[in-house]
**Q** 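Would you mind keeping the following structure in view while I ask a few things?
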Protein chains: 2
Amino acid sequence: MRKSVEAEKIVRRPSHILRGEATRARVLESAVQIATLEGLEALTIGRMAKVAKISKAGLLGHFKSKERLQLATLAAGRRRFFEAVVSPLRSDEEGILRLAGLIERALNYISNTKGGCFFVAVAAEFDGREGPVRDSVAAIIREWRSTLAKVADQAKELGHIIKGLDTRELAFALHAYELAMNLDLHLLGDTKAKINARKFVRDLLISACTPVGRRLLTRKG
Amino acid sequence: MRKSVEAEKIVRRPSHILRGEATRARVLESAVQIATLEGLEALTIGRMAKVAKISKAGLLGHFKSKERLQLATLAAGRRRFFEAVVSPLRSDEEGILRLAGLIERALNYISNTKGGCFFVAVAAEFDGREGPVRDSVAAIIREWRSTLAKVADQAKELGHIIKGLDTRELAFALHAYELAMNLDLHLLGDTKAKINARKFVRDLLISACTPVGRRLLTRKG
């Protein structure tokens, strides 16, 4: 129902606005790719205007400034990651299997992305600076961590995870293996990286589980 | 004995060469700091000449090109890390305590360095590119991993680590917590990061230990 209302809204928009949105989406798609490989500083107005085949003034009309373009690129990267990794969790069985599914999709997403994790790339670029771009990178990474912790909290409520366990610490550790896999795959070219990461993630999950949780986790192989 | 021969060599060098070495060392010290915060691409000849208070031609006399300067900066950063973290291992008791000491010094080094781990910063900057700078970053990270694995192999020979355990996988996992601590400290500003990393490192080491190794590890607190 909601989707058709959204669709109607789009249909009612004048065609020059639709064209503008398509341009904006096209610029942001390239921007996420370029920033993953070369960093957010590589997103100059001149370069992105060339990529989008529009004038610099046209590009500035869409994004106002380089910083606003960087922030929009972060938002686009976040949306893409959350759609691929977090949105499907509704079809996972609630509890420990949902947590396992979430981290498995994150490992798949990172290993299938050319240049690796967009957020790791831009985190290293901006962690020595101040400002809204750095704050936005940090907020997105915190959001991912807290998503992991919340799903782990649900698993705890369902009795799948040990009561005394700190789910924010568990999220830190799960994320650690994502970071290491990303480094090994994309810098060291180690094809064993994903196998390693999955093994240690599984060990972590099993050590966090109650007997009930462990049965669920090992049931699926 | 060997040291005094080295010292003599230095004494015999003409003074202009000694001055040259001091300038080179000074440039590289600043270069490591700048690259940690802003990346290796920030090391332009113009900027580094200004930092060193010499002419561009003078700086090029020392380093030949921006790429050679980047490579020399990586070598300087590597030397610094290995001197602080790896060299003291001779005074650690051989085996599991040496491995624990090694990783503890690495966590200390990273948490005490402004801007965090130099190699994480430049790994993210260069993992999407080709060339000698990328190859050098990868080689240094591989060397660190293999140092961890070799020390773990010694611990295995001494019966401190379980026979069937893959020490390269253990090195991957130990490194993962370094990476996560670095991110949490320097991007998220989470002061709990080091406590988290030490906890999970300890859990990993304990799960890798034989009963003998475990007694050694827990003896020290």
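Below, chain A is the first sequence line, B the second, and so on; all start at residue 1.
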**Q** Under a 4.5 Å cutoff for heavy-atom pairs, which residue among B/Ser207, B/Gly128, B/Ala176 has the most contacts with chain A?
**A**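 Max contact count across the listed options: B/Ala176.
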
**Q** Does any part of the side chain of B/Phe200, heavy atoms only, come nearer than 4.5 Å to the side chain of A/Leu204, both counted from C-beta?
**A**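 Result yes, sub-4.5 Å side-chain heavy-atom pair found.
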
**Q** Of the listed residues (A/Glu41, A/Met181, A/His186), which shares the most heavy-atom pairs with chain B below a 4.5 Å separation?
**A**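 That would be A/His186.
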
**Q** Any side-chain heavy atom of A/Leu183 within less than 4.5 Å of one from B/His175?
**A**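 Counting from C-beta outward, A/Leu183 and B/His175 do come under 4.5 Å.
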
**Q** Please classify the contact of B/Ala139 with chain A as side chain, backbone, both or neither, using a heavy-atom distance under 4.5 Å.
**A**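 Neither; nothing under 4.5 Å.
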
**Q** Side chains of B/Leu37 and A/Arg129: does their closest heavy-atom pair fall under 4.5 Å?
**A**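 Not in contact.
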
**Q** For residues A/Ala123 and B/Leu187, report the shortest heavy-atom separation together with the two atoms involved.
**A**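 That closest heavy-atom pairing would be CB-CD2, 3.8 Å.
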
**Q** Check B/Glu169 with A/Lys192, please: is the shortest side-chain N to carboxylate O separation under 4.0 Å?
**A**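 A salt bridge is present here (some side-chain N lies under 4.0 Å from a carboxylate O).
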
**Q** If you count heavy-atom pairs under 4.5 Å with chain A, which of B/Asp127, B/Asp190, B/Val137 comes out on top?
**A**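 The option with the most such pairs is B/Asp127.
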
**Q** Is it the backbone or the side chain of B/Leu170 that comes under 4.5 Å from a heavy atom of chain A, or both, or neither?
**A**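 Only the backbone of B/Leu170 comes within 4.5 Å of chain A.
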
**Q** Return yes when atom CZ of A/Arg198 has more than 12 non-hydrogen atoms of other residues, nucleotides or ligands closer than 6.0 Å, and no otherwise.
**A**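 Counting other residues, nucleotides and ligands, CZ of A/Arg198 stays at 12 neighbours or fewer.
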
**Q** If you count heavy-atom pairs under 4.5 Å with chain B, which of A/Leu188, A/Ile195, A/Asp135 comes out on top?
**A**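 It is A/Leu188.
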
**Q** Taking C-beta and beyond as the side chain, do A/Arg145 and B/Asp184 meet within less than 4.5 Å on heavy atoms?
**A**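 Side-chain contact under 4.5 Å: yes.
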
**Q** Kindly assign one of parallel, tilted or perpendicular to the pair A/Tyr177 and B/Tyr177, based on the angle between their ring planes and the thresholds 30° and 60°.
**A**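 Rings of A/Tyr177 and B/Tyr177: perpendicular, over 60°.
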
**Q** Counting heavy-atom pairs closer than 4.5 Å to chain A, which one of B/Val120, B/Asp166, B/Ile141, B/Val122 comes out on top?
**A**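 Ranked by contacts with chain A, first place is B/Ile141.
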
**Q** At what distance, to the nearest 0.5 angstrom, does CG of A/Asn196 lie from CZ of B/Arg168?
**A**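 Interatomic distance, A/Asn196 CG to B/Arg168 CZ, rounded to 0.5 Å: 10.5 Å.
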
